[in-house]
Each structure stands twice: as C-alpha cells, then as structure tokens.
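Structure incoming, see below.
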Amino acid sequence: MFNKKKNKHNVCAIVLAAGSGSRMNSQIKKQFIDINGKPLIYYSLIAIASSPSVGEIILVTSEEDIITMQNIVKNFGISKVSSIVPGGETRQQSVYNGLLEIPDTYEFVLVHDGARPFIEIDDIENVIEDAHTYGAATLGVMVKDTIKRIDSDGFSKETLNRAELTAIQTPQVIKKDLFLKGYENTKDGIFTDDTSIVENIGVNVKVTIGNYSNIKITTPEDLIYLEGFDK
Ligand code: CTP
Ligand code: MG
C-alpha cells in the first residue's frame, strides 16, 4: 500500500489514438469520425484534461496523422496536450512510445483509450485515487452476462462465478517506476491491458468500479450511442 495523498498535477496522461480502427469498417479512421462538429478523439481528450491531477497529456497517433492531431489540439484549445508522438504496431508499443515522452517530474501514468469518449470525471478521479493508495488501478465493471469457458469445439467446459468477474476499461493508472519495471519484463508476453504488465511483476492491481456507459467505440453498431452526444 502506498497511502499517498493525491498531489495536484502529479499524473501524466497517455491518450491512445494510433489504432487503425479496422473493426469500424469506415472510410475515415474512428478517432476522426465527426460527432456534433468535433472529432471523436476530442471528447476523450477534454475529459482527461478536466482532471485537476493531470498535469499534461501525451497524445499517441499514427505518423501520418500527427499534423491532423496538431490541428485538432490547436483548434479546440486543448492546452494540456504537450506532445503528439507516433504509435507502434500494437497498443502495448503505442503505450510504451508515450511512456518514453513522460517528463521525470511525474509519479503516475494514466492511460486512456481515445475510443472511450464517455468517460466521466468522477470515475477518472476515483481510479487516480486508488492508484495513489495501491500503486496501480484500473476502471472496470461487474459483468452482466454469464461467462462460460469453452473448448476448441465450442462446448462449455466451465461456468465462471459472475460475482468474481469484471470487464476492464480505461483509464488505468500506474505508478511510473512500476510501469517501467513491468515493461522491462514483458519480453514476448501478450498483454491486453496496461495493468497486466505490472500484475506480471507481482503488483496488486485494484479494480475501481466505474460505469457501464464508458464503452469503447469499436464496431459500427457503437456509433448509435454517439447520436446527440456533445460536450
Ligand atoms: N491503439 C493504439 N495503437 C495501436 C493499436 C490501438 O494507440 N497500435 C489505440 C486505439 O487508437 C484505441 C485504443 O488503442 O484508442 C483501443 O484499441 P481498439 O479499440 O482496438 O482500436 P483500434 O486498434 O484502432 O481498432 P481495431 O482493433 O478495430 O483495428
Ligand atoms: Mg485494436
């Protein structure tokens, strides 16, 4: 346990927008889809920027989109974005590229998917608070469906206890030194979220219960949730 008081501005955020959005099947990459006159990425950026603990934001995007992102940040006046860096082949590599840009003065790193525009300030503050207490925390929600483990032929092997299962979201907040140490130990491991990188080196990760509304815009059906959405 860390039992540290939350300091203003000791969190540096990495907002991810370097994916290709292949499951969205749209002409325009999902981070640039227009929602009420603003690109989708705008909503995640202003939500994260509104946290008083976040001192600055590193935005990760594809090399070819850096100029477009610079224009978005400038036009919408998102002043906490301090740098825009190219992403990597995988989400994990994109996070690492962002991590390398973080100034030494920051104690915590917050990672957020640019494709989660509905994130709310209370949940951001709660997960930051838990990371200050435990060293690493992620937002998540209790699963609503029954989950069965299946074999390669599609037959149920086991019905898992739903009371013990959470579906993991972002933001995830991790003490920077632990995160860097976690990355040193990743080797060829496949990590589908950021906190599993520190779980792998023995860190106890707190799951901060958030909101079902914090969905990741992934497939065309998800766009319906954005109708009428504005901030
Ligand atoms: N992401 C990233 N770098 C990658 C892959 C993903 O920064 N190499 C980001 C995406 O931009 C997104 C977040 O990670 O904000 C979550 O990824 P996902 O929803 O899977 O987005 P995409 O990878 O873009 O979509 P898809 O998997 O359908 O191609
Ligand atoms: Mg992806």
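Remember, it's 1-based here, ligands and their atoms both numbered in the order they're listed. This chain uses plain numbering: 1 for the first residue, then up along the sequence.
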Does any N or O atom in Ser22 lie less than 3.5 angstrom from one in ligand 1, N or O only? yes
Kindly check if the number of other-residue, nucleotide or ligand heavy atoms within 6.0 Å of CD (Glu89) is above 12?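 Open: at most 12 neighbouring heavy atoms sit under 6.0 Å from CD of Glu89.
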Can a non-hydrogen atom of Met24 be found less than 4.0 Å from any atom of ligand 1?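 Met24: no contact with ligand 1 (<4.0 Å).
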Has Arg116 got a side-chain atom pairing as donor or acceptor with Asn214's backbone, closer than 3.5 angstrom?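 At least one qualifying donor-acceptor pair exists.
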Taking Arg91 first and then Asp113, would you say they form a salt bridge - that is, a charged N and a carboxylate O separated by under 4.0 Å?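 A salt bridge links Arg91 with Asp113.
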Give a yes/no on ligand 1: does Thr90 have at least one heavy atom closer than 4.0 angstrom to it? yes
protein heavy-atom neighbour closest to atom 20 (O) of ligand 1 works out as Arg23 NH2, 2.9 Å
Can you tell me how the ring of Tyr43 sits relative to the ring of Phe229, calling it parallel under 30°, perpendicular over 60° and tilted otherwise? tilted
Can you tell me how far apart OG1 (Thr90) and OH (Tyr96) are? Round to the nearest 0.5 Å.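 Here the rounded value is 12.5 Å.
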Going through the distances and angles, do Tyr183 and Gln92 end up as a side chain to side chain donor-acceptor pair (under 3.5 Å)? CA-CA 9 Å; Tyr183 262 98; Gln92 194 182 325; 5.2 Å; no
Give the atoms of ligand 1, by number and element, whose distance to some non-hydrogen atom of Glu89 is under 4.0 Å. 8 (N)
Give the residue, atom name and distance (to 0.1 Å) of the protein heavy atom nearest atom 19 (O) of ligand 1. Lys216 NZ, 2.7 Å
Side-chain (Thr61) to main-chain (Ala18) donor-acceptor, under 3.5 angstrom: no
For atom 23 (O) of ligand 1, grab the closest protein heavy atom and report residue, atom and distance to one decimal in Å. Gly19 CA, 3.9 Å
Check this for me - ligand 1, Leu16, N or O atoms closer than 3.5 angstrom, yes or no?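 Yes: some nitrogen or oxygen of Leu16 is under 3.5 Å from one in ligand 1.
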Identify the closest protein heavy atom to atom 24 (O) of ligand 1: which residue and atom is it, and at what distance? Gly21 N, 2.8 Å
Note the single closest protein heavy atom to atom 13 (C) of ligand 1, along with its residue, its atom name and the distance in Å. Asp113 OD1, 3.4 Å
Name the closest protein heavy atom to atom 21 (O) of ligand 1, giving the residue it belongs to and the distance to 0.1 Å.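 That would be Lys30 NZ, 3.2 Å.
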At under 4.0 Å between heavy atoms, is it the side chain or the backbone of Ser94 that contacts ligand 1, or both, or neither? side chain
Would you mind listing which atoms of ligand 1 come within a distance below 4.0 Å of any non-hydrogen atom of Gly114?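 So the atoms of ligand 1 that pass are 15 (O).
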Ligand-residue contact atoms, ligand 1 with Ala115, heavy atoms, under 4.0 Å: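 Those atoms are 15 (O).
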What distance separates Ile128 CD1 from Phe108 CZ, expressed to the nearest 0.5 Å? 10.0 Å
Flag the pair Lys206 and Glu129 as a salt bridge only when some basic side-chain nitrogen lies within less than 4.0 angstrom of an acidic carboxylate oxygen. no
Testing Thr138, Asp123, Asp130 one by one against Thr208 for a side-chain hydrogen bond (donor to acceptor under 3.5 Å, both in side chains), which residue passes?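 Per the side-chain hydrogen bond (donor to acceptor under 3.5 Å, both in side chains) rule, the option paired with Thr208 is Asp130, out of Thr138, Asp123, Asp130.
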Atoms in ligand 1 with a heavy atom of Ser20 nearer than 4.0 Å: 24 (O), 29 (O)
To the nearest 0.5 Å, what is the distance between CD1 (Ile28) and CG (Leu40)?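 Here the rounded value is 10.0 Å.
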Just jot down the ligand 1 atoms closer than 4.0 angstrom to any heavy atom of Ala17, in number order. 7 (O), 11 (O)
Hey, does the Lys NZ or Arg CZ of Lys144 hover above the aromatic six-ring of Tyr212, less than 6.0 Å from the centre and inside 45° of the axis?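 Yes, a cation-pi geometry.
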Nearest-neighbour protein heavy atom for atom 8 (N) of ligand 1, which is reported as residue plus atom name and distance: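 Result for atom 8 (N) of ligand 1: Gly88 O, 3.0 Å.
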For Lys29, which part has a heavy atom under 4.0 Å from ligand 1: side chain, backbone, both, or neither? neither
Looking only at protein heavy atoms, identify the closest one to atom 7 (O) of ligand 1 and say how far it is in Å. Ala18 N, 3.0 Å
Consider ligand 1: state whether an atom of it lies below 4.0 angstrom from any non-hydrogen atom of Gly87.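 Contact absent.
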